[in-house]
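Working notes, structure below.
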2 protein chains.
Amino acid sequence: MAVIRNTRSVRAVLEIFNSSKNPYSSVQLIDYFKGEMNKTTVYRILDRLRDGGVLHSFTDKNGLQWYAKCQDGCSSHEHVDLHPHFQCKDCGKTECIDVDFTLPSVGGHKVESAEFLLVGVCVDCLEKSSF
Amino acid sequence: MAVIRNTRSVRAVLEIFNSSKNPYSSVQLIDYFKGEMNKTTVYRILDRLRDGGVLHSFTDKNGLQWYAKCQDGCSSHEHVDLHPHFQCKDCGKTECIDVDFTLPSVGGHKVESAEFLLVGVCVDCLEKSSF
DNA sequence: CTATTTTTGCAACCGGGTTGCAATTAAACA
DNA sequence: TGTTTAATTGCAACCCGGTTGCAAAAATAG
């Protein structure tokens, strides 16, 4: 398993994820690092960090990829944190929901992972729309 | 709410979904109707059937859209069936899982719907790989 | 300090999905 | 049945998230 090299770009991306446990989409990061880092580089760093157990990823309502910091316990061998994500259908923001759930079993099939995406309206957008 | 007209194309798409409760992806349908129906038409019919409460849709692990027949009770006003979907990471096939779950509440936010995607290896692929 | 391996930038590409518009076709209604 | 009106379709061009191949640059091992 290739070691992740400590490059300027990797440090920059890690800084983002270490500063908050919120998810960021590849699109957001590409925009944020525009002029500083090529989009291909961003995609590849995210891949490596996910494969290395540093980040986990999920697919949002629109098919876009989001990434967030893993809890302790995840590794390149296995992602152990299994929690839902919330997405606001108004502003698009996502959030890790700090509740565990277990993988349900499905007759015959072998279930290995799951994505649980809750969709609705976030607190901020609720407030804005109530006037 | 615009009524869905009974066109040759709509009938053809409905025939597929009425013949099985399995989900089909837009890509599969576009390929199936290749030469008979424009891809734009397929996308638009799927949109209309979803908005009309005839089909429900979900996003798979690669960001692709899948559609399946709704149970009774769904309408253009509301989709009432809330069930997980399973996707085989080997063959890509998906399946509606016939188990209900309820929308969890998430502090502050208003949760309106959810997508619960289970990922693993389906029975067929398990068998194939055991030799 | 050199050899080796990974990482990066770039440009071109891929593919699912959308858009605008003109031509058809279904439904409404006389 | 014929006409009017509104929905549907096909087409071509487009959008955009994500990938690929390759040569140059930067990390690490020794």
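Lettering of chains follows the sequences in order, A, B, ..., and the numbering in each one begins at 1. The structure displayed is predicted, hence computed values, not measured ones.
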**OP:** Compare the minimum distances between each of dG17(C), dT8(C), dA27(C) and the side chain of Ser26(B), then state the nucleotide with the smallest one.
**Re:** dG17(C)
Subject >> Proximity to the side chain of Asn38(A) - top-ranked nucleotide from dC10(C), dA26(C), dG16(C) >> reply: dC10(C)
Touch class at under 4.0 angstrom, heavy-atom based, for [X] against every strand present:
| X | answer |
| --- | --- |
| Ile30(A) | nothing |
| Thr40(A) | base |
| Ile45(B) | sugar-phosphate |

Original post:
Hey, is Asp47(B) close enough to Arg50(B) for a salt bridge, meaning N to O under 4.0 Å?
Top reply: yes
Separation of [N] [atom2] from [X] [atom1] (nearest whole Å):
| X | N | atom1 | atom2 | answer |
| --- | --- | --- | --- | --- |
| Asp31(B) | dG17(C) | CG | C1' | 16 Å |
| Arg5(B) | dT9(D) | CZ | P | 10 Å |
| Asp47(B) | dT9(D) | CG | C1' | 14 Å |
| Met37(A) | dG18(D) | CE | P | 16 Å |
| Asn6(B) | dT9(D) | CG | C1' | 15 Å |
| Gln28(A) | dG17(D) | CD | P | 11 Å |
| Tyr43(A) | dC16(D) | OH | C1' | 8 Å |

Original post:
Hey, do the aromatic rings of Phe17(B) and Tyr67(B) have their centres closer than 6.0 Å?
Top reply: no
Original post:
Which of parallel (below 30°), tilted (30 to 60°) and perpendicular (above 60°) describes His83(B) and His56(B)?
Top reply: perpendicular
Which side-chain N or O atoms in residues 106-117 of chain B pair as donor and acceptor under 3.5 Å with protein atoms at least two apart or in another chain?
| residue | atom | partner | partner atom | Å |
| --- | --- | --- | --- | --- |
| His109(B) | ND1 | Val123(A) | N | 3.0 |
| His109(B) | NE2 | Glu95(A) | OE1 | 3.1 |
| His109(B) | NE2 | Glu95(A) | OE2 | 3.2 |
| Lys110(B) | NZ | Glu112(B) | OE2 | 3.3 |
| Glu112(B) | OE1 | Lys89(A) | NZ | 2.6 |
| Glu115(B) | OE1 | Thr59(B) | N | 3.0 |
| Glu115(B) | OE2 | Lys61(A) | NZ | 3.1 |

Under 3.5 Å donor-acceptor pair, [X] side-chain atoms to [N] base atoms:
| X | N | answer |
| --- | --- | --- |
| Arg8(B) | dT25(C) | no |
| Arg44(A) | dG18(D) | no |
| Lys39(A) | dG17(D) | no |

Original post:
Pick one: which of Asn38(B), Ile16(B), Thr41(B) meets side-chain contact (heavy atoms from CB on, under 4.5 Å) with Phe33(B)?
Top reply: Ile16(B)
**OP:** Ignoring backbone atoms, test whether Thr41(A) places a side-chain nitrogen or oxygen under 4.0 Å from the OP1 or OP2 oxygen of dG9(C).
**Re:** yes
